[in-house]
Amino acid sequence: MFNFWGSKEQQQGTSRPPEASSQSPWYSPSLVSSPSSSRPQTSGQIPANVSPGEAAGIIAFLKDKSVDELRKLLSDKDAYQQFLLSLDQVKIQNNIKEELRRETLQIARENLEKEPQIMELRNQCRIIRTTELAAAQEKLNELERQKEEILKFYSPGSLLHKLQEAMNQVDEESEALQEKFLEKEIDTAAFVQKFKKLRTTYHRRALIHLAAKTSNI
């Protein structure tokens with residue numbers, strides 16, 4: 001049997017053979033050291049995640065217990081459980097767990113209380129999607145179509161085409177005026193004034209067309 005701090009055998013300087021327990025140990029044999037080994041097994045050592053302060057606190061609880069009490073902890077699972085729940089570290093963890101449980105329940109209750117409001121907001125969103133959003137989408141599509149038409153109308157290619165049409169129109173008017181003059185349908189002074197104005201307009205548009213075409217290229 002192990003020698004523990006503060007045991008009666010140590011105080012009296014004597015030892016006695018362990019008595020056979022009437023109950024089989026509830027713990028795994030790997031949790032204690034093998035009798036044939038001079039060192040405890042790795043699985044029987046204090047876990048690495050236990051701090052030295054916590055380990056010292058647990059040892060302080062154990063060192064004042066008698067051999068019979070320690071043997072009972074090893075053989076009686078209920079006694080071990082009761083001892084475990086009496087540790088300050090376990091009490092702290094249980095308190096934290098209980099506090100988290102209460103907070104979780106409180107949050108769940110608040111969410112349930114807000115469920116009617118959430119359902120109402122969902123219904124409002126559904127109405128908006130089916131009515132106001134549809135109208136807004138239709139208006140947006142119309143504005144997009146108008147934008148495309150305006151961009152197409154004022155595109156460089158479209159403007160050059162319209163300018164070319166205006167040049168052709170003035171040129172046709174000039175030819176028609178010239179035919180009237182040849183057929184004596186208009187006097188010379190009026191012909192010169194109108195013809196000069198038409199040809200000036202034609203050449204000004206032709207220069208603009210040429211400059212725009214060259215710049216576009």
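All values below were derived from every heavy atom in this structure, side-chain atoms included, with hydrogens, water molecules and symmetry-related copies excluded. If you're wondering where the values come from, they're calculated on a predicted model, not measured in any experiment.
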Between K162 and E165, does a salt bridge (charged side-chain N to carboxylate O under 4.0 Å, His left out) hold up when you go through it step by step? CA-CA 5 Å; K162 293 181 181 299; E165 289 181 346; 5.6 Å; no

To the nearest 0.5 Å, how far apart are NZ in K197 and CG in L177? 12.0 Å

With side chains defined as the heavy atoms from C-beta onward, is the minimum distance between N94 and K91 less than 4.5 Å? no

Using 0.5 Å steps for rounding, measure from the CD atom of E172 to the CG atom of N168. 6.5 Å

Hydrophobic clusters here meaning ILVMFWY residues chained together by side-chain heavy-atom distances under 4.5 Å, can you tell me if V192 and I186 are in one? yes

Just checking, any donor-acceptor pair under 3.5 angstrom between side chains of Q82 and D78? no

CD/Q193: more than 12 non-hydrogen atoms of other groups inside 6.0 Å: no

Which distance, rounded to the nearest 0.5 Å, do you find between the CG of L182 and the NZ of K180? 12.5 Å

How long is the straight-line distance from CD of Q124 back to CZ of R129, given to the nearest 0.5 Å? 12.0 Å

Same cluster (ILVMFWY, side-chain, under 4.5 Å), V90 and I92: no

Do L210 and L163 sit in one hydrophobic cluster, given that two such residues count as connected whenever their side-chain heavy atoms are within less than 4.5 Å of each other, even indirectly? no

For E138, is the CD atom crowded, meaning more than 12 foreign heavy atoms sit under 6.0 Å from it? no

Can you tell me if E148 has over 12 outside heavy atoms packed within less than 6.0 Å of its CD? yes

As an exercise, state the distance from NZ of K114 to CZ of R109, rounded to the nearest 0.5 Å. 14.5 Å

Let's go through R145 and E149 carefully: what are the C-alpha distance in whole Å and the side-chain angles of both, what is the deciding distance for salt bridge (charged side-chain N to carboxylate O under 4.0 Å, His left out) to 0.1 Å, and is it a yes or a no? CA-CA 6 Å; R145 185 185 63 80; E149 291 180 354; 2.5 Å; yes

Taking L121 as the starting point, is it possible to reach I118 by hopping between hydrophobic residues whose side chains are less than 4.5 Å apart? no

Output for pair (I208 CD1, L160 CG), nearest 0.5 Å, gives 11.0 Å

Counting heavy atoms not belonging to R122, are there more than 12 under 6.0 Å from its CZ? no

When you group the ILVMFWY residues by side-chain heavy-atom contacts below 4.5 Å and let the links chain together, are L85 and I96 in the same group? no

Side chains of L74 and R71, heavy atoms from C-beta outward: is any pair under 4.5 Å? no

ring-ring contact (aromatic ring centres under 6.0 Å, His included) contacts in which one or both residues fall within residues 183-214, not counting sequence neighbours: F181-F191, F191-F195

Expected output: side-chain S158 to main-chain S155 donor-acceptor under 3.5 Å: no

Can you tell me if CD on Q164 sees more than 12 non-hydrogen neighbours from other groups inside 6.0 Å? yes

Derivation and outcome, salt bridge (charged side-chain N to carboxylate O under 4.0 Å, His left out), residues R101 and E98: CA-CA 5 Å; R101 187 186 69 83; E98 180 62 22; 2.5 Å; yes

Can you check whether E115 reaches N111 side chain to side chain, under 4.5 Å on heavy atoms? no

Can you tell if the side chain of N123 reaches within under 4.5 Å of the side chain of R126, non-hydrogen atoms only? yes

The test is side-chain contact (heavy atoms from CB on, under 4.5 Å); show your working for Q137 and L140 and say whether it passes. CA-CA 5 Å; Q137 185 65 42; L140 177 62; 4.2 Å; yes

Is there a donor-acceptor pair closer than 3.5 Å between any side-chain N or O of D171 and the backbone N or O of M167? no

What one should report as the nearest heavy-atom pair of V170 and L198 is CG1-O, 3.0 Å

